[in-house]
Amino acid sequence: RTFQKKKKLFESNDAGTYMQDVLEQFVRAYAKIPREAHTPDEYDDARIAQCLDEYTNRYILSRSGGNINAVVTPRLMAKLGFWRPTAFLLIKKIIAEFSQSAFYPQAFELRLSDALAQHGGDAVKELHLTLPDRTNLALRGVADRVDVWHRGENSYLRVIDYKSARQSLEAARAWWGLQLQLLLYLD
């Protein structure tokens with residue numbers, strides 16, 4: 001008789017999924033309120049903790065088929081206890097950033113091909129550009145978040161891509177253009 005190992009609902013690599021989920025929930029809720037209506041002290045630590053409780057419960061519900069009690073275990077609670085302080089600090093940083101920035105959230109999980117089609121472009125899988133040195137470039141993918149700043153007749157975009165997984169830079173892969181995204185995150 002063979003035994004199949006049950007897939008766990010929450011693996012250790014779910015930290016990135018959890019972070020992205022709670023951050024997106026927060027930013028979506030924040031963006032529903034016009035910029036002018038936000039006050040500097042509206043999100044104290046207690047309110048952030050309350051939001052985080054709500055978002056965490058939604059995350060667990062979405063992963064558990066609607067039955068939190070079936071998946072809440074001491075192990076899961078320990079993982080959430082480990083991830084939660086980081087999510088809390090990131091939300092505080094996002095609030096501080098929005099209070100100083102002219103950018104405001106506009107889109108989430110935005111596929112480049114969908115964005116082109118929405119603005120009168122052809123529905124394509126990737127955007128092809130020719131650079132001044134005649135190098136051809138193909139852009140494709142999904143942006144975790146896109147913020148917009150309107151200034152006069154101009155609009156500026158800021159693309160946010162949450163990174164939480166540990167990755168190492170491999171020179172050969174970067175040289176051949178297979179790991180260029182990671183280079184953008186180096187400071």
Side-chain angles (χ1 to χ4, degrees), residues 9-35 38 43 47-64 79-80 82-119 121 123-129 137-151 154-170 173-174 177-187:
L9 285 173
F10 297 92
E11 301 288 342
S12 59
N13 60 356
D14 285 339
T17 306
Y18 170 78
M19 290 295 174
Q20 183 166 343
D21 187 86
V22 297
L23 294 178
E24 183 176 323
Q25 286 186 67
F26 175 78
V27 174
R28 280 183 186 274
Y30 191 93
K32 286 181 181 176
I33 301 169
R35 175 191 299 284
H38 287 290
Y43 283 98
R47 180 150 183 223
I48 294 171
Q50 180 183 19
C51 290
L52 203 46
D53 286 342
E54 178 184 331
Y55 304 149
T56 299
N57 286 338
R58 283 187 201 156
Y59 173 77
I60 295 170
L61 273 171
S62 72
R63 302 290 303 268
S64 68
K79 284 183 181 184
L80 292 173
F82 185 73
W83 300 338
R84 185 185 169 97
T86 302
F88 184 90
L89 290 173
L90 288 171
I91 288 173
K92 286 186 81 141
K93 295 279 188 188
I94 288 170
I95 293 167
E97 192 276 325
F98 281 141
S99 72
Q100 302 172 38
S101 174
F103 285 93
Y104 212 62
Q106 185 70 38
F108 301 90
E109 295 294 320
L110 182 66
R111 289 191 175 286
L112 179 59
S113 57
D114 295 344
L116 293 170
Q118 287 175 0
H119 295 284
V124 295
K125 289 186 177 182
E126 55 191 26
L127 174 64
H128 293 272
L129 303 172
L137 182 67
L139 298 176
R140 64 182 168 271
V142 178
D144 290 331
R145 190 177 96 216
V146 177
D147 297 346
V148 178
W149 169 29
H150 300 289
R151 183 174 185 197
N154 297 317
S155 294
Y156 302 90
L157 301 177
R158 176 173 61 184
V159 177
I160 309 295
D161 189 41
Y162 301 120
K163 286 289 164 229
S164 58
R166 290 185 182 172
Q167 294 184 10
S168 59
L169 182 61
E170 297 175 35
R173 290 180 53 79
L178 301 173
Q179 202 177 24
L180 295 177
Q181 185 180 18
L182 191 57
L183 291 173
L184 297 174
Y185 303 109
L186 296 178
D187 187 13

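Count residues from 1 along the sequence.
In terms of heavy atoms, Pro34 sits closest to Tyr104 at C-OH, 3.9 Å. Nearest heavy atoms, Ser99 versus Ala96: OG-O, 2.7 Å. When all heavy atoms of Ala143 and Val159 are compared, the pair lying nearest together is CB-CG1, 3.6 Å. Closest non-hydrogen pair, His150 versus Ser155, comes out as ND1-OG, 2.7 Å.
Ring to ring, Phe26 and Tyr43 are close: their centroids are under 6.0 angstrom apart.
Distance alone, capped at 3.5 Å, places no donor-acceptor pair between the Thr56 side chain and the Asp53 backbone. One N or O on the side chain of Arg35 and one on the backbone of Ala102 form a donor-acceptor pair closer than 3.5 Å. Counting only distance, with no hydrogens or angles, the side chain of His38 and the backbone of Tyr30 share a donor-acceptor pair below 3.5 Å. For the pair Gln25 (side chain) and Tyr55 (backbone), a donor-acceptor distance under 3.5 Å is present.
For the atom pair Ser101 OG and Ile94 CD1, the distance stands at 12.0 Å (nearest 0.5 Å). Here the straight-line distance linking atom CE of Met19 with atom CD1 of Ile91 works out to 9.5 Å at 0.5 Å rounding. Here CH2 of Trp149 is found 9.5 Å from CG of Asn154. Values are rounded to the nearest 0.5 Å. Separating the CD1 atom in Ile60 from the CG atom in Asp21 is a distance of 10.5 Å, to the nearest 0.5 Å.
In this structure Phe108 satisfies the ring-ring contact (aromatic ring centres under 6.0 Å, His included) test with no other residue, sequence neighbours excluded. In this structure, the salt bridge (Lys or Arg N to Asp or Glu O under 4.0 Å) partners of Asp147, at least two apart in sequence or on a different chain, are Arg145, Arg158. Not counting sequence neighbours, Pro85 has no partner by the side-chain contact (heavy atoms from CB on, under 4.5 Å) test.
Shown here is Gln50, whose CD atom has no more than 12 heavy atoms of other residues, nucleotides or ligands within 6.0 Å. The environment of Tyr156 atom OH is dense: over 12 non-hydrogen atoms of other residues, nucleotides or ligands sit within 6.0 angstrom.
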**Study point:** Verdict with supporting geometry, Asp144 and Leu23, side chain to side chain contact (heavy atoms under 4.5 Å, CB included)
**Key:** CA-CA 10 Å; Asp144 290 331; Leu23 294 178; over 6 Å; no

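A salt bridge links Arg28 and Glu24; the closest N-O separation between the charged side-chain nitrogens and carboxylate oxygens is under 4.0 Å.
Under the 4.5 Å side-chain criterion, counting only non-hydrogen atoms from C-beta, Ile48 is in contact with Ile95. For the pair Phe98/Pro105, a side-chain contact is recorded, criterion being any heavy-atom separation below 4.5 Å from C-beta on.
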